[in-house]
Amino acid sequence: MRKLQIVSRVAAGVLGGWSFTWGFVMLGIALALAAGMPYADAQTLLYLVAFLVYLVVFCWSFAAASAARVWLVLLGGGAAMTGLGWWMTRLPAV
């Protein structure tokens with residue numbers, strides 16, 4: 001691998017992994033709140049799961065065949081989950 005490819009994979013793992021994990025946590029908390037879980041419990045649960053999610057996406061960023069796919073999935077998925085979680089928190093309570 002060339003140096004640029006290695007830097008790209010490391011950046012994808014660190015920055016893209018953070019973005020994806022943040023989106024996962026935000027969406028997970030919104031779903032847990034919609035299911036009736038107290039906020040503190042939802043937050044604690046999702047923060048604990050976030051360590052595993054970050055580890056998996058970081059390792060996947062090096063194992064995947066295409067660096068472009070890694071960037072697309074991590075940043076695109078992170079943005080989509082963050083947007084969906086934000087939208088769910090804006091819905092009126094039932």
Side-chain angles (χ1 to χ4, degrees):
M1 293 182 89
R2 295 187 325 241
K3 287 183 180 182
L4 183 59
Q5 290 174 328
I6 294 171
V7 169
S8 176
R9 295 288 178 133
V10 170
V14 174
L15 302 175
W18 180 85
S19 170
F20 187 86
T21 305
W22 175 258
F24 177 83
V25 168
M26 185 164 183
L27 180 59
I29 289 174
L31 288 172
L33 292 175
M37 184 180 281
Y39 178 77
D41 293 342
Q43 184 182 26
T44 301
L45 174 66
L46 268 299
Y47 282 171
L48 290 172
V49 174
F51 285 110
L52 298 175
V53 171
Y54 186 78
L55 176 64
V56 168
V57 298
F58 184 81
C59 290
W60 175 73
S61 71
F62 290 97
S66 170
R69 184 181 317 137
V70 170
W71 278 105
L72 181 66
V73 168
L74 294 182
L75 292 180
M81 288 188 290
T82 300
L84 185 58
W86 176 82
W87 176 74
M88 287 183 66
T89 60
R90 300 295 181 241
L91 292 176
V94 177

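Checked against side-chain contact (heavy atoms from CB on, under 4.5 Å), Trp18 has the following partners two or more places apart in sequence or in another chain: Tyr54. For the ring pair (Phe, Tyr, Trp, His ring centres under 6.0 Å) test, residues two or more places apart in sequence or in another chain that qualify with Phe62 are Phe58.
Leu74 and Leu15 fall into different hydrophobic clusters, defined by Ile, Leu, Val, Met, Phe, Trp and Tyr side-chain heavy atoms under 4.5 Å apart, directly or through other members. A single hydrophobic cluster is seen to contain both Trp87 and Met81, as judged by linkage of ILVMFWY side chains at heavy-atom distances under 4.5 Å, directly or through other members. Hydrophobic clustering (ILVMFWY, side-chain heavy atoms < 4.5 Å, transitive): Val49 and Leu84 are in one cluster. Residues Leu55 and Val70 do not share a hydrophobic cluster, clusters being chains of Ile/Leu/Val/Met/Phe/Trp/Tyr side chains in contact below 4.5 Å.
Through direct or relayed side-chain contacts under 4.5 Å between Ile, Leu, Val, Met, Phe, Trp and Tyr, Leu75 connects to Trp71.
For the atom pair CD1 of Ile6 and CG of Leu4, the computed distance is 9.5 Å after rounding to the nearest 0.5 Å.
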Distance-only donor-acceptor pairs under 3.5 Å for side chains of residues 19-45, two or more places apart:
unit_1 : atom_1 : unit_2 : atom_2 : d
Thr21  : OG1    : Gly17  : O      : 2.7
Gln43  : NE2    : Tyr47  : OH     : 3.4
Thr44  : OG1    : Ala40  : O      : 2.9

